[in-house]
Amino acid sequence: MKKLYRFLAGMLSLVLMAGLAGCGADDGTIHLTLQIWDVAQRDGMQAISDAYTAKNPNVTIEVQVINWDEYWTKLEAATISGKMPDIFWMHTNEILKYADNGKLADMTDVVDTGHFSDISLSNASGSDGVLYGVPKDKDTVALLYNKEMFDAAGVAYPDESWTWDDLVDASQKIYDATGKYGYMPYADDQLGYWNFVYQAGGSILTEDKTHGNFTDPATKMAMEFYINLQKNDWSPDQTYFAETSPGTAFFSEKGAMFFEGSWNVLTELKNYPDMNGKWDVAVLPKCPNPMNGDGRATISNGLSYATGANNKHLDVVKDVLAFFGSEEGQRIQGESGAAIPAYEGLEYSWVSVFDSYPIDVTPFVERDAPSSVPSSSCPWWWPLPPLPWCGSGFSTPSTAS
């Protein structure tokens, strides 16, 4: 029996020594994961991560890309199993589900709220008004148009004076002259009918956000206008769009115009180099007879960075996210071309990325959002010319970095 005790004691000593040896071999590095869904932003996210780890060599950050179709399914499964990524992108469509169920860490002590708009802060908050994310970016929608098709039809390029009527008129003339589609309206919300609804003075939800607002006269007017666009011979129908996206048709030179988000433009310039110089960007045409407002609006959405409420490295992750939300971190994001920074005053760090391309992306940022507009995916309004740069939401060329 004594021999057995001595044997077991010896084995225990070996186990303890092995454990101590493992601790001694540990270099103290904290390995974090950053999960995103857009491969086009991988380099930008890596650049921000590298900037942080250069100052904090005891931390590594692995950027993981999971496509949109799988992202939320995997995040939900990871949440249930208690294995959430250390840092992950949070979308306005999803944040309430996670925040209101206690799955996200409170970021109130991390975010310097003075540098973000009320809309960006709202997009990163739960129903209780607490910040559960660090504002990452903001996006907007603009009109992409094929200059060669406009020239062939003898139609002037779109500008801030354009209304829905001009959109229809130009589409018909381009179709008559070239046989190509004009504006391509497909069944999409952010890149489609939502913009028209807000331009008309309507809204997708009621003011208290408890019901759909599709019986509102302004909302109904805009929806009917948008749906009826496909009845024109210059527009593809929904069967066409089931197989071909408007972006694919546009860059295949089969259509002259479509609504596009700021987050896609750099990728399109890189993926379709033969098209560079043939197309440009304009502000969205306004509603000529709005029931409310001045007829100008575009949908804006903003992502945030988040982490789990029970993250074992929460203090370190909060330090990382404080950097991601700082002026330095947000500038790196802008200069990478990943997205328009949520940090106010840094919009032109993103615009400057396009200086080497024959394109003017300023229509994506020539607008201002009233701080009184609540909710995610809310409209942004352009001020009327000749002051397209004014407003607290976006900096002027003279003060932009």
Could you tell me whether the side chains of [X] and [Y] share a donor-acceptor contact shorter than 3.5 Å?
X	Y	answer
Ser262	Asp139	no
Asp176	Gln172	yes
Asn264	Glu268	no
Asn123	His91	no
Asn213	Thr206	no
Thr307	Asn311	yes
Thr60	His31	yes
Ser122	Ser125	no
Asn195	Gln199	no

From the list Phe88, Tyr52, Phe324, ring-ring contact (aromatic ring centres under 6.0 Å, His included) partner of Tyr305 resolves to Phe324

Any side-chain heavy atom of [X] within less than 4.5 Å of one from [Y]?
X	Y	answer
Met149	Glu253	yes
Phe364	Val351	no
Thr92	Asn301	yes
His115	Glu327	no
Val317	Ile87	yes

For this output row, return yes or no: ring centroids of [X] and [Y] closer than 6.0 angstrom.
X	Y	result
Phe116	Tyr343	yes
Tyr145	Tyr157	yes
Tyr71	Trp89	no
Tyr183	Trp234	no

For Arg296, is there an ion pair with Glu160 - N to carboxylate O distance below 4.0 angstrom?
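Here Glu160 does not pair with Arg296 in a salt bridge, since their nearest N and O are not under 4.0 Å apart.
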
Ionic contact status for Glu328 with Lys55, cut-off 4.0 Å:
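Yes.
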
Looking at Trp162, I'd like to know if the NZ or CZ of Lys286 sits under 6.0 Å from its six-membered ring centre while staying within 45 degrees of the ring's axis.
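Geometry flag: not set, cation outside 6.0 Å or 45°.
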
Assess the residue pair Glu344 and Lys138 against the criterion (side chain to side chain contact (heavy atoms under 4.5 Å, CB included)); give the C-alpha distance rounded to whole Å, side-chain angles, the decisive distance to 0.1 Å, and a yes or no.
CA-CA 10 Å; Glu344 293 197 337; Lys138 52 195 172 191; 4.2 Å; yes

Is there a ring pair (Phe, Tyr, Trp, His ring centres under 6.0 Å) between Tyr240 and Tyr186 once you walk through the steps?
CA-CA 9 Å; Tyr240 178 91; Tyr186 71 127; over 10 Å; no

Derivation and outcome, salt bridge (charged side-chain N to carboxylate O under 4.0 Å, His left out), residues Lys173 and Asp169
CA-CA 6 Å; Lys173 289 178 178 177; Asp169 181 63; 3.2 Å; yes

Verify the neighbour count for atom NZ of Lys318: are there more than 12 heavy atoms of other residues, nucleotides or ligands below 6.0 Å?
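Counting neighbours around NZ of Lys318, more than 12 heavy atoms of other residues, nucleotides or ligands fall under 6.0 Å, so yes.
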
Has Asp360 got more than 12 heavy atoms of other residues, nucleotides or ligands less than 6.0 Å from its CG?
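More than 12 heavy atoms, drawn from other residues, nucleotides or ligands, come within 6.0 Å of this atom.
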
Please list, chain by chain and in numerical order, all residues satisfying side chain to side chain donor-acceptor pair (under 3.5 Å) with Asn289, sequence neighbours excluded.
none

Nearest heavy-atom approach of Leu266 to Ser336 is CD2-O, 4.1 Å

Which atom names give the shortest non-hydrogen contact between Thr140 and Ile340, and what distance separates them?
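Minimum heavy-atom contact is OG1-CD1, 4.5 Å.
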
